[in-house]
Amino acid sequence: MLLPPGTAPAQQAELLSLPYVTDFDSPAAPGPWQVLNEDAMSYVRDASEIYQIASGGKASFLRDGAANIHQMVVTPDGDFDMQLSARLEAKTGHEGVWLGLYDGADAFVAAHLSVNTKGCGSLLSLSVVNQQSLALQEEVATTQFSDDLFDDGPLVRSVCNDEGRAQGDALITALATQGFTLTLERRGPLYAARLQMADPAGGASIDLRSAEVLRLTAPGRPAFTLGQTSRAGSGESTAQFTRFSITAPAS
């Protein structure tokens, strides 16, 4: 089922039985998924992954009509861990991966892993974003907690020296070569983002969690996409999505 630009499904979603896991290993049988605002020239569902391209700086959960948002037609109920394993090639230095419950640019809660380049080099951020319209008002309210992982962050103290720049560059490269897992956690009305990946320097595995945002009503259905900011311009970003799962949290 493909939807025209700027639209999202209005019907009530069926509930999803947990656990749900897919390795995208059956392109002929895509399962309970649809592609919003499909641009068929910019993604390929292959045997074991979805390979996606973004360009033009317009791909984002925050932008109406963003192309190739992969969305389920069912939704989980109650607490969950929604996980997306991927590889991200940060070619422009202004891209990232979105994962969350999505019902349009003004109605979603999501985990966002993003690369942003400025000053001394590329930075890496982990965010949880809650976007919703205010009752009886036209304004859209955004609640966001972002952790800069390189700028006095837990992974790199500063990329503005040779040692820190090398550490940061190695981690950005590892996003593409070794991959990572991005998680949106729901516990009651609280949502948090989590990043897990191997340490390219050979240290302990990286496992970081954001602060929590509060949302009383769950928006939309599970979805993910490759995003860019406007600063990417005409540059091209690529990602390979290799595994998606939604599981009940361990007791």
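These figures come from a predicted structure and were not determined experimentally.
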Can I get a per-line list of side-chain donor-acceptor pairs under 3.5 Å for residues 240-247, giving both atom names and the distance, sequence neighbours left out?
unit_1	atom_1	unit_2	atom_2	d
Thr242	OG1	Ser85	O	3.2
Arg243	NE	Asp23	OD1	3.4

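Residues passing the side-chain hydrogen bond (donor to acceptor under 3.5 Å, both in side chains) test with Gln131 are Thr142, sequence neighbours excluded. Taking the side-chain hydrogen bond (donor to acceptor under 3.5 Å, both in side chains) definition, one finds that Asn161 meets it with nothing, sequence neighbours left out. Scored by the side-chain contact (heavy atoms from CB on, under 4.5 Å) test, Ala174 finds Thr177, Gln178, Met197, Pro200 as partners (sequence neighbours excluded). Evaluation of the side-chain contact (heavy atoms from CB on, under 4.5 Å) rule for Arg194 yields Thr183, Glu185, Gln196, Asp207 as partners, not counting sequence neighbours. Taking Ile53 as the reference, Tyr51, Glu236, Thr238 meet the side-chain contact (heavy atoms from CB on, under 4.5 Å) condition, with sequence neighbours excluded. Every salt bridge (Lys or Arg N to Asp or Glu O under 4.0 Å) that Arg87 has, sequence neighbours left out, goes to Glu49. For Ser125, the side-chain contact (heavy atoms from CB on, under 4.5 Å) partners at least two apart in sequence or on another chain are Ser114, Asn116, Asp148.
We find that Arg187 and Asp81 are joined by a salt bridge, their nearest charged nitrogen and carboxylate oxygen being less than 4.0 Å apart.
Residue pairs satisfying the disulfide (SG to SG under 2.5 Å) criterion with at least one member in residues 36-121, sequence neighbours excluded, are listed as follows: Cys120-Cys160. Residues in residues 148-207 take part in no ring-ring contact (aromatic ring centres under 6.0 Å, His included) pair, two or more places apart or across chains. Screening residues 178-220 for disulfide (SG to SG under 2.5 Å) gives no qualifying pairs among residues at least two apart or on separate chains.
There is no side-chain donor-acceptor pair under 3.5 Å between Gln52 and Ser42. Side-chain atoms of Gln228 and Glu95 form no donor-acceptor pair, as typed in the model, at a separation below 3.5 Å.
Leu195 contributes atom CG, which lies 6.5 Å from atom CG of Leu149 (distance to the nearest 0.5 angstrom).
Other members of the hydrophobic cluster containing Leu216, listed by chain and number, are Leu190, Leu214; membership follows side-chain contacts under 4.5 Å among ILVMFWY residues, whether direct or relayed.
Heavy-atom minimum distance, Ala232 versus Gly57: CB-CA, 4.3 Å.
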